[in-house]
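Notes follow the structure.
Just so we're on the same page: letters track the sequence lines, and every chain starts at 1. For clarity, every value in this text was computed on a predicted model and none was experimentally measured.
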Amino acid sequence: MKGVLIDKRRIRTEREVVGTGPVLYWMNREMRVDDNWSLLYACALAQQHDTTLEVVYNLIPGYLGGGARQTSFKLDSLEEVEQELSRLGIPFHLVVDTVDNTQFVSFLKKGKYGAMVTDLHPLRPTTELHAAILSFWENGFFIVDSHNITPVWETSPKKEYAAYSIRPKIWKKTPEFLTEFPHVPSFGKLSAKTDWKKLRKDLVTEDATAFLPGGTKEAHRVLKRFLSDRLEHYANGRNDITETLQSGLSPYLHYGVISSHRVVLETLAFSGKKIEDCLHKQKNGARVHTGPVSVLDNVRAFFEELIVRKELSDNFCYYEPNYDTLSAAPDWARASLEKCKKDKREYVYTKKEFEEARTHDKLWNACQKQMTQTGCMHGYMRMYWAKKILEWTDDPAEAVAIAVYLNDKYELDGRDPNGYAGILWSIAGLHDRAWFPRPVFGLVRYMSHESLRKKYDIETYIARYT
DNA sequence: ATCGGCTCGCGCAA
DNA sequence: TGCGCGAAGCCGAT
């Protein structure tokens, strides 16, 4: 069998030399078998060195403040991964660990692997673990960006200032990197060995049936429904908080059970468009179109979210180690927020009051409950939600910390670059411009209850989450 | 309904 | 060095 070919630019080589022994793919950010450059590269290495391939996932319940709902989603997804891998004759190991990675490190030290391939994952738990592993790992160590269409280091060599500065770079490279994926070669046949029922019983300690199920098959179902039912309303309708017109793919993209690359290919096939034609800014940005909305308008609006803003978030976390604190905000915003620290707050709430949705604002309480009850807050409400945490706390650094804590604990798609970038956009002007100054916010863009009330039927929204 | 002003700084043209 | 314009707004004037 001829080896699988992978564009070398998708790979960051930490250690070059491949020793003897099987190749190990440490699946970390991408819980899928198809459309996964990391797995494909691991296959290619194994074939090239005439050896076998194994896959490991290190499951940490409570990772970055998540809980049963996130663990349940991961177990759904990993069970499917093991089935798929078994069909291809690739052994799958599940390590259950604590945040200090003791079990995983011991697994790596015991194994006699010739090389390791893993996913790009720009958050600190992974970058720190990579450094720790490299202190004892002597064989090949390869990091593959399987999360972005254009690898994060190929898009730009630095932390970008805003969407407008990264957008032309992403547009330029996307058509070139948007290739079709090769099939994963078969290494034989195996039977799955993990006792998922027992894991579920041990690790999912609260009822998780209210939340979305995980897995690649489910992700493709969600994508199909979005394309057939909702894409035509996307450009104008996606921000309506009483409708469900956004793609709903965020959790699936976050866990890597589906790749944004595949979503783009499917969207192009569905709409009959070429990628080059879709990479143009809509004239009126995010504002509602007044005239007729074309298929192209909808696809462009969707790709702006799915490609530009998603890959901008990865750029931010990749080049900014303090991605989850106020220190990562632009200077003008930090200086301005600092000046406003003494401004009188009309309301001040504690973390607990926010968490229990006990503010004076029924709209805020409703979106907080949407998040705790469903694991998915409406995308437009997330901005309002975070900006009000800034407005109703004494210290913007504390506001960031509270927003991060809640988002990571309750959102299925929490603990993701998109979440950190979104929170800092809302609270600290990240990727945004300065706006008319006002108390507490300074130059950071403000959002008001009144405006939301004028735009959308907030009573309907509030009535859903009590 | 629509428009301009508010404010800062990056990126690019000159 | 100057200038255009930007992650989804707000407010008041017309």
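A sub-4.0 Å separation between OP1 or OP2 of dC10(C) and a side-chain N or O of Ser451(A) is present. Distances shorter than 4.0 Å separate none of the side-chain N or O atoms of Ser165(A) from OP1 or OP2 on dC10(B). Residue Arg433(A) places none of its side-chain N or O atoms closer than 4.0 Å to OP1 or OP2 of dC10(B). Residue Tyr456(A) places no side-chain N or O under 4.0 Å from the OP1 or OP2 atom of dA8(C).
Note on Trp425(A): a base of the nucleic acid sits closer than 4.0 angstrom, heavy atoms only. Glu450(A) comes within 4.0 angstrom of no nucleic acid atom, judged by non-hydrogen atoms across all strands. Across all strands shown, Lys158(A) has heavy atoms under 4.0 Å from sugar-phosphate atoms exclusively, and none from any base. Residue contacts for Met383(A): at a heavy-atom cut-off of 4.0 Å it reaches a base atom on one of the strands shown. Note on Tyr161(A): only backbone sugar-phosphate atoms sit closer than 4.0 angstrom, heavy atoms only; bases stay farther off. Within 4.0 Å of Pro437(A), counting heavy atoms only, lie sugar-phosphate atoms of the nucleic acid but no base atom.
No hydrogens or angles were tested; on distance alone, nothing pairs the side chain of Glu304(A) with the base of dA8(C) as donor and acceptor under 3.5 Å.
Using the Watson-Crick or G-U wobble rule with both distances under 3.5 Å, dA7(C) pairs with nothing in any strand shown.
Side chains of His147(A) and Glu30(A): a donor on one and an acceptor on the other come within 3.5 Å.
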